[in-house]
Amino acid sequence: MSPGWPGNASVSPRKSWRKCLGRGKSGHLCPCDPAPDKLKIIVPGVALGDEAVRQIPGPSTQEMGANTSQVSDLSENQSLHTLIGTESISENDPFWNQLISFTFISPTNSGDSKLLEEAVIPLAKILIENNPRTGNFGALVRIFLGRTKELKISTECQDQLFIWQAHNALFMIRCLLKVFIREMTEEELHLQFSYQERAPGTCGELIPLHFSIRLFYLSIQLNCVCVWVRYRDITYSILFEAVTTMLVLLSYQLFHKDILRDGLIYQYLMKGRCLSLTSRLVKTLLYNFIRQEKCPPPATHIFEQHSEGGGLFYGLASGVASGLWSVFTLGGAGSKPGLDQEQNPLPLSNQSLLLLLVLANLTDGPNGCPNPYRQAVTCFKNTQDTSSIPTEQHHTFQINFNSLYTALCDQQRSDQATLLLYTLLHQNTNMRTYMLSRTDMENLVMPILEILYHVEDRNSHHVYMALIILLILTEDDTFNRSIHEVVLKNITWYSERSLTEISLGSLLILVVIRTIQFNMTRTRDKYLHTNCLAALANMSAQFRCLHQYAAQRIISLFALLSKKHNKVLEQATQSLRGTQGGDDSSVLPDYAQDLNVIEEVIRMMLEIINSCLSNSLHHNPNLVYALLYKRELFEQFRTHPSFQDIMQNLDTVIGFFSQRLEIAGTDLSVERVQEVIMKGAQALPKERLKKFPELKFKYVEEDQPEDFFIPYVWSLVFNSGVGLHWSPTGIELFSMDSG
């Protein structure tokens, strides 16, 4: 099969069921928190006197510890130079409160993220050189870990200042980590976390700990922030940053061509405390996707004036609010106001979905231990389901299926939402059963059809996943019947012809046939053909009241295939004559292969038409009409050895109705012909049609689906991650033109 695809439908004739092979307490987040020394919080912009609180200018212009406001100014920032310099900074030094009390507009698009990264890279490289002698990066991590201890209670108490500082610390860690991961191995990254603060008066490089407990705790605490910090407007930024930092920690895969199946960060996420949080994390990420919450608007009024004389909250209003609330809504340096909001209005939802897909597609452990995140995705249940959860099912939980279904219907314009839908349909039987039981399946199917219809504007992976979703849905006979009962009006995005009224089933047929025709003239992917035809074959026995345009397109596709068959046959014949004159005969196998592929597709089309006629002829007068109108197309295949058996029924139907039309007379109107067909369909004895095994195809993934899905998921992170930019240089996992 074609490398890169997760699966396809194999066409093996004469099988009744065929496989489609595919590719704490007291506000603590959790009891495992480290216990750094308590830090005295020095409030920026406020001087505390013995008798009163005196207001001084707030930090509205502060950026990473200095009075600058442009990304380009970071290289001159004194606080950052202190952090990356050659001197160790004690964790109890007031410097840290100054460092993380900045107002910085975090970028939300790739362009601004690129500017930020270009400014951070030289600073991070200096830190890489000096950190073994200072341990300042490890100290920064400890500062953040100390803040996480109080995040939960800070949320409950509406302590915006504390959350704001925690976010800033994590934002700095994430920016540095992103450069570290590109510049060093995972083992070397481990050492950067391990270096301890140097004692005063000592010199030389630090001796790293044999085990970096900071990286271990950071992995845990990022999970804890996502799981235990409740969603509020004031926590949006810290939740987003926690999810984004987890993506960055896992991004080593981008720089390796081979699939990573182990590693320190992998082990941290798969074992111990992180393992116990698996189901909660997956549930949280799903609810972040479900909620589709937009970025909180600028809201400086949140910081209320607690007294007439001003004081702490009043003094911080202009600065803290702008830093906390404009993290997403205003975009980065040089961005147009409101532009990023329109392009990426749901950063937390988007980033959570990407992280969920990355985690769910991690490989199983080297010792055969299954990926717990995939287990959680495959076995969660509906909140309405009151049955007990089997004890053998690990990491399961309950979630509102109706809300999840609605979000999936609304978000199919993105690759990642389509991939989530595929994952749930294919792997979670509870969710698949629920979806197939819905009486509003058009809300889910229509966005999928629109993806396929605009195939020219979509990447090949998105088209392929949409097609596999249809294939999985058509495995269910109830779905195949019900889609012909749903009547749609005025399909605005279908431009070939005005469709004022058509069934969902007929529209599905039209879009799939259009995809086949596009593939024949453009991509020529055999497996795309196979899966398109497999979906049509699964539906064929339940075709009902086909729209006349859908019936015409079925026969028109057969006509196109017939024409192509004749052209290849003629070319092969001419080449054969040329080889008899001494020319190179190496081209002949290519023609034979092309002819074999076309004949396989023609056979499938004949089987689909035959299945409809054998099972529901009386329900489809428009197909019979189209068949009679183009009956000459089928004459050349009557004696062909590959099609003789399947042509028997078509000959019977064509002959039966042709005879009745002759009896009815000449110069018949369209209405009269349709009347003759409808009456004849009731009179045709079913025993005159030869029985063939029911056409059924089932989608099955390949043995190593990660070879397709891991590069695909990371290409989505690369292209769609909010506020994340990676230079294409050094990316090994996929080519820049993949998809």
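Taken to the nearest 0.5 Å, the OH atom of Tyr373 stands 10.5 Å off from the OG atom of Ser279. Note that CE of Met465 is 11.0 Å distant from CG of Asn459, once rounded to the nearest 0.5 Å. We find the CG-CG distance between Leu215 and Leu264 to be 7.5 Å, quoted to the nearest 0.5 Å. The OG1 atom of Thr418 lies 10.0 Å from the CD atom of Gln411; values are rounded to the nearest 0.5 Å. Here CG of Leu145 is found 9.5 Å from CG of Leu170. Values are rounded to the nearest 0.5 Å. The line from CZ of Phe144 to CG of Leu222 is 5.5 Å long, rounded to the nearest 0.5 Å.
Between Pro711 and Ile259, some side-chain heavy-atom pair lies under the 4.5 Å cut-off. Between Leu189 and Ile265, the closest side-chain pair of non-hydrogen atoms falls below 4.5 Å. Residues Leu281 and Met246 form a side-chain contact, since some pair of their non-hydrogen atoms from C-beta on lies under 4.5 Å apart. Residues Leu286 and Phe397 meet the side-chain proximity criterion, which asks for heavy atoms closer than 4.5 Å. Counting heavy atoms from C-beta on, the side chains of Pro372 and Met270 come closer than 4.5 Å. Leu99 places none of its side-chain heavy atoms less than 4.5 Å from the side chain of Ile89. Using a 4.5 Å cut-off on side-chain heavy atoms (C-beta onward), Tyr464 and Tyr422 make no contact. Ile710 places a side-chain heavy atom less than 4.5 Å from the side chain of Thr363.
Between Cys224 and Leu277 the shortest heavy-atom distance is SG-CD1, 3.9 Å. Heavy-atom minimum distance, Gln427 versus Glu701: NE2-OE2, 4.0 Å. A pairwise comparison of heavy atoms in Ile126 and Ile84 identifies CG2-O, 3.6 Å as the closest pair. Closest approach of Leu116 to Cys175, counting heavy atoms only: CD2-SG, 4.0 Å. Nearest heavy-atom pair, Val722 versus Pro347, reported as atom, atom and distance to 0.1 Å: CG1-CB, 3.7 Å. Nearest heavy-atom pair across Lys152 and Trp228 is CG-O, 4.1 Å.
Using the six-membered ring where Trp is involved, Phe718 and Phe734 have ring planes that are perpendicular, over 60° apart on the 30 and 60° scheme.
In the model, Gln267 has a side-chain atom that pairs as donor or acceptor with a side-chain atom of Asp262 under 3.5 Å. Using modelled atom types, one finds a donor on one side chain and an acceptor on the other under 3.5 Å when comparing Ser101 with Gln165. For Thr148 and Gln221, the side-chain atoms include at least one donor-acceptor pair closer than 3.5 Å.
Side-chain atoms of Asn131 come within 3.5 Å of backbone N or O of Asn136 as a donor-acceptor pair. When atom types are taken as modelled, the side chain of Tyr217 and the backbone of Arg142 share no donor-acceptor pair closer than 3.5 angstrom. Of the possible polar contacts, one joining the Gln253 side chain to the Leu260 backbone as a donor-acceptor pair under 3.5 Å is found. At least one donor-acceptor pair closer than 3.5 Å links the side chain of Asn168 to the backbone N or O of Ile100. Remark: the backbone N or O of Ser715 is paired with a side-chain donor or acceptor of Asn719 at under 3.5 angstrom. Put simply, the side chain of Ser88 gets close to the backbone of Thr134: a donor and an acceptor are under 3.5 Å apart. Judged purely by atom type and a 3.5 angstrom limit, Asp364 uses its side chain to pair as donor or acceptor with the backbone of Asn371. Although no hydrogens or angles enter the test, the distance criterion places no donor-acceptor pair under 3.5 Å between the side chain of Gln160 and the main chain of Thr155. Ser352 contributes no side-chain N or O that, together with a main-chain N or O of Leu285, makes up a donor-acceptor pair within less than 3.5 Å. At least one donor-acceptor pair closer than 3.5 Å links the side chain of Arg374 to the backbone N or O of Leu362.
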Given the rule in the side chain to side chain contact (heavy atoms under 4.5 Å, CB included) test, do Met184 and Leu191 qualify, once you have shown the distances and angles that lead to the verdict?
-> CA-CA 10 Å; Met184 62 185 68; Leu191 292 179; over 6 Å; no
Begin from the C-alpha positions of Phe709 and Leu419 and carry the test side chain to side chain contact (heavy atoms under 4.5 Å, CB included) through to its verdict.
-> CA-CA 9 Å; Phe709 285 105; Leu419 183 52; 3.8 Å; yes
Checking side chain to side chain contact (heavy atoms under 4.5 Å, CB included) for the pair His167/Phe240: CA distance, chi angles, key distance, verdict?
-> CA-CA 9 Å; His167 163 268; Phe240 171 83; over 6 Å; no
Given Val248 and Leu724, is the side chain to side chain contact (heavy atoms under 4.5 Å, CB included) satisfied, shown in steps?
-> CA-CA 9 Å; Val248 169; Leu724 290 173; 4.0 Å; yes
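Each of Val225, Val229, Leu151 was compared with Thr235 under the side-chain contact (heavy atoms from CB on, under 4.5 Å) criterion, and only Val229 meets it.
For Tyr712, the ring-ring contact (aromatic ring centres under 6.0 Å, His included) partners two or more places apart in sequence, or in a different chain, are His461, Phe708. Legend: residues meeting salt bridge (Lys or Arg N to Asp or Glu O under 4.0 Å) with Arg280, ordered by chain and number and at least two apart, are absent.
In this structure, Tyr231 has its ring center no closer than 6.0 Å to that of Tyr287.
A cation-pi arrangement, defined by a distance under 6.0 Å to the six-membered ring centre and an angle within 45 degrees of its axis, is present between Arg147 and Phe162.
Taking a 6.0 Å sphere around NZ of Lys283, one finds it holds more than 12 heavy atoms contributed by other residues, nucleotides or ligands.
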